[in-house]
Amino acid sequence: MPELVVQLTRVGFLVLLWLFVFAALRVVRSDLYAASGLRVNLPSLRRGGSKQKKSTPLRNRNKLPRQLVVTHGALAGTRIALDGRPILLGRADDSTLVLDDDYASTRHARLSLRGDEWYVEDLGSTNGTYLERAKVTAPLRVPLGSPIRIGKTVIELRP
């Protein structure tokens with residue numbers, strides 16, 4: 001085999017090797033810095049939430065969720081006030097509730113308000129999101145006090 005062919009094969013192999021290394025670094029970087037582009041339509045969710053709250057009778061207002069409480073896991077006792085904006089759950093630094101849980105994905109789940117009801121949605125996590133004991137495969141309504149489990153972390157909506 002001519003020497004030129006051997007040298008070109010070596011160079012081609014090194015180029016492929018470096019392309020693989022750069023691709024692996026890009027995946028790691030996107031996971032660490034949460035580079036996935038999550039699109040949340042905030043204006044329409046706020047409008048729907050504020051209109052419904054104005055028309056809700058006073059006797060039912062006490063039954064509406066006002067806070068998100070972590071009941072089990074490393075963040076047990078943590079409370080987040082619900083103001084109508086979506087709540088992002090995961091390991092990403094820009095999440096509303098940053099989970100330090102080995103079984104949580106970078107962008108694991110989202111809680112969003114639709115009318116007077118809160119819905120949980122799994123965002124393609126590896127280990128899944130569970131409402132009570134059912135795996136979340138589509139957006140599901142979250143009743144007050146129903147446990148939402150993400151890895152070792154359990155959260156609930158409370159009045």
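We count residues from 1, following the sequence as given. These numbers come from a predicted model, not from an experiment. Computation of the quantities below employed the complete heavy-atom set of this structure, encompassing side-chain atoms and omitting hydrogens, waters and symmetry-equivalent molecules.
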### Message
Quick check: is L68 connected to V98 through a chain of hydrophobic side chains (ILVMFWY, heavy atoms under 4.5 Å apart)?
### Response
no
### Message
Using a 4.5 Å cut-off between side-chain heavy atoms of Ile, Leu, Val, Met, Phe, Trp and Tyr, which other residues end up in the same hydrophobic cluster as L8?
### Response
L4
Kindly list each side-chain donor-acceptor pair under 3.5 angstrom involving residues 9-25, sequence neighbours excluded, with atom names and distances?
from, atom 1, to, atom 2, distance (Å)
T9, OG1, V5, O, 2.7

### Query
Mind checking whether P159 and L144 have side chains closer than 4.5 Å, heavy atoms only?
yes
#### Entry: Verdict with supporting geometry, V154 and V70, side-chain contact (heavy atoms from CB on, under 4.5 Å)
CA-CA 6 Å; V154 179; V70 180; over 6 Å; no
### Query
Is any side-chain heavy atom of L97 closer than 4.5 Å to a side-chain heavy atom of L99?
yes
### side chain to side chain donor-acceptor pair (under 3.5 Å) contacts in which one or both residues fall within residues 139-155, not counting sequence neighbours
D101-T153, E117-R141, E132-S146
### Query
Do the charged groups of D122 and R107 touch, with an N to O distance under 4.0 Å?
no
### Message
side-chain contact (heavy atoms from CB on, under 4.5 Å) for V120 and T129? Distances and angles first, verdict last.
### Response
CA-CA 9 Å; V120 64; T129 303; 4.2 Å; yes
### Query
Hey, mind stepping through L89 and L123 against side-chain contact (heavy atoms from CB on, under 4.5 Å) and telling me if it holds?
CA-CA 9 Å; L89 308 164; L123 299 176; over 6 Å; no
### Message
Just verifying a value: how many Å separate L82 CG and R66 CZ, rounded to the nearest 0.5 Å?
### Response
9.5 Å
### Exercise: identify the closest heavy-atom pair between W118 and R85
CH2-O, 3.6 Å
